[in-house]
Amino acid sequence: MAAEASRGSTNNETNFISLFWGRTIESVEKYNESVRPDLLLKSVKQYLSDHVLSTKIIVGSIRTTDQVREAFYYGADIVTIAPGLMAELLVNERAKETTGEFDQAFRNVEKEIILV
């Protein structure tokens with residue numbers, strides 16, 4: 001409904017709707033209502049496409065890194081997450097190791113670099 005409400009808008013700004021991933025899971029599991037968030041997101045994306053609506057989808061209420069990946073996989077345009085989850089996505093042992101290798105490679109040639 002929110003996407004349809006923007007159909008008659010005369011502004012050229014992007015319109016957004018928001019889906020709540022974690023809360024949708026809770027609704028399904030706790031109250032046996034609604035649909036899984038992946039199916040909801042897929043159906044909303046399909047509706048927007050079928051009805052030629054340029055509305056973007058923000059997915060919030062993300063609780064795990066797997067949910068971030070799933071939301072983007074199923075078509076989210078924007079995913080909002082807590083800072084702790086961002087750190088979990090960006091920092092891991094392999095990333096630390098790789099960064100260390102790059103730093104060491106730079107230190108090995110640092111004295112040979114001449115800036116003009």
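The chain is numbered in sequence order, starting from 1.
Within the 4.5 Å cutoff, no side-chain heavy atoms of Thr24 are placed close to those of Arg36. Side-chain atoms of Lys56 and Thr14, non-hydrogen and from C-beta on, do get closer than 4.5 Å to each other.
Under 4.0 Å is where a charged nitrogen must lie from a carboxylate oxygen, and between Arg63 and Glu26 at least one such pair does.
For the ring pair (Phe, Tyr, Trp, His ring centres under 6.0 Å) condition, no pair includes a residue of residues 15-43, sequence neighbours left out. Residue pairs meeting the ring pair (Phe, Tyr, Trp, His ring centres under 6.0 Å) criterion with at least one member in residues 45-68, sequence neighbours excluded: Tyr47-His51.
Hydrophobic clustering of Ile, Leu, Val, Met, Phe, Trp and Tyr side chains at less than 4.5 Å, counting indirect connections, keeps Ile78 apart from Ile62.
Distance check: Ser61 OG to Ile25 CD1 gives 8.0 Å after rounding to the nearest 0.5 Å. The structure places OH of Tyr74 at 12.5 Å from CD of Gln67, a figure rounded to the nearest 0.5 Å.
Among all heavy-atom pairs drawn from Ile17 and Ala3, the shortest one is CG2-N, 3.8 Å.
The neighbour count for Asp50 CG, taken as heavy atoms of other residues, nucleotides or ligands under 6.0 Å away, is above 12.
Residues satisfying the side chain to side chain contact (heavy atoms under 4.5 Å, CB included) criterion with Lys45, sequence neighbours excluded, are Leu41, Ile57, Asp77.
Cluster note: Val28 groups with no other residue, as no ILVMFWY side-chain heavy atom lies under 4.5 Å from it.
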Show me the donor-acceptor pairs within less than 3.5 Å that the side chains of residues 103-111 make with the rest of the protein, sequence neighbours left out.
from	atom 1	to	atom 2	distance (Å)
Gln104	OE1	Arg107	NH2	3.4
Gln104	NE2	Asn108	OD1	2.8
Asn108	ND2	Gln104	O	3.4

Let me check something: any side-chain donor-acceptor pairs from residues 81-95 under 3.5 Å, sequence neighbours excluded? List them with distances.
from	atom 1	to	atom 2	distance (Å)
Asn92	OD1	Arg94	N	3.1
Asn92	OD1	Ala95	N	2.7
Glu93	OE2	Lys96	NZ	3.3
Arg94	NH1	Glu97	OE2	2.4

Query raised in the report: Which is it for Thr80 and Ile58 under the side chain to side chain contact (heavy atoms under 4.5 Å, CB included) test, yes or no, and what are the steps along the way?
Result: CA-CA 7 Å; Thr80 61; Ile58 301 171; 4.0 Å; yes

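Remark: side-chain polar atoms of Ser27 are not paired, donor with acceptor, to backbone N or O of Arg23 under 3.5 angstrom.
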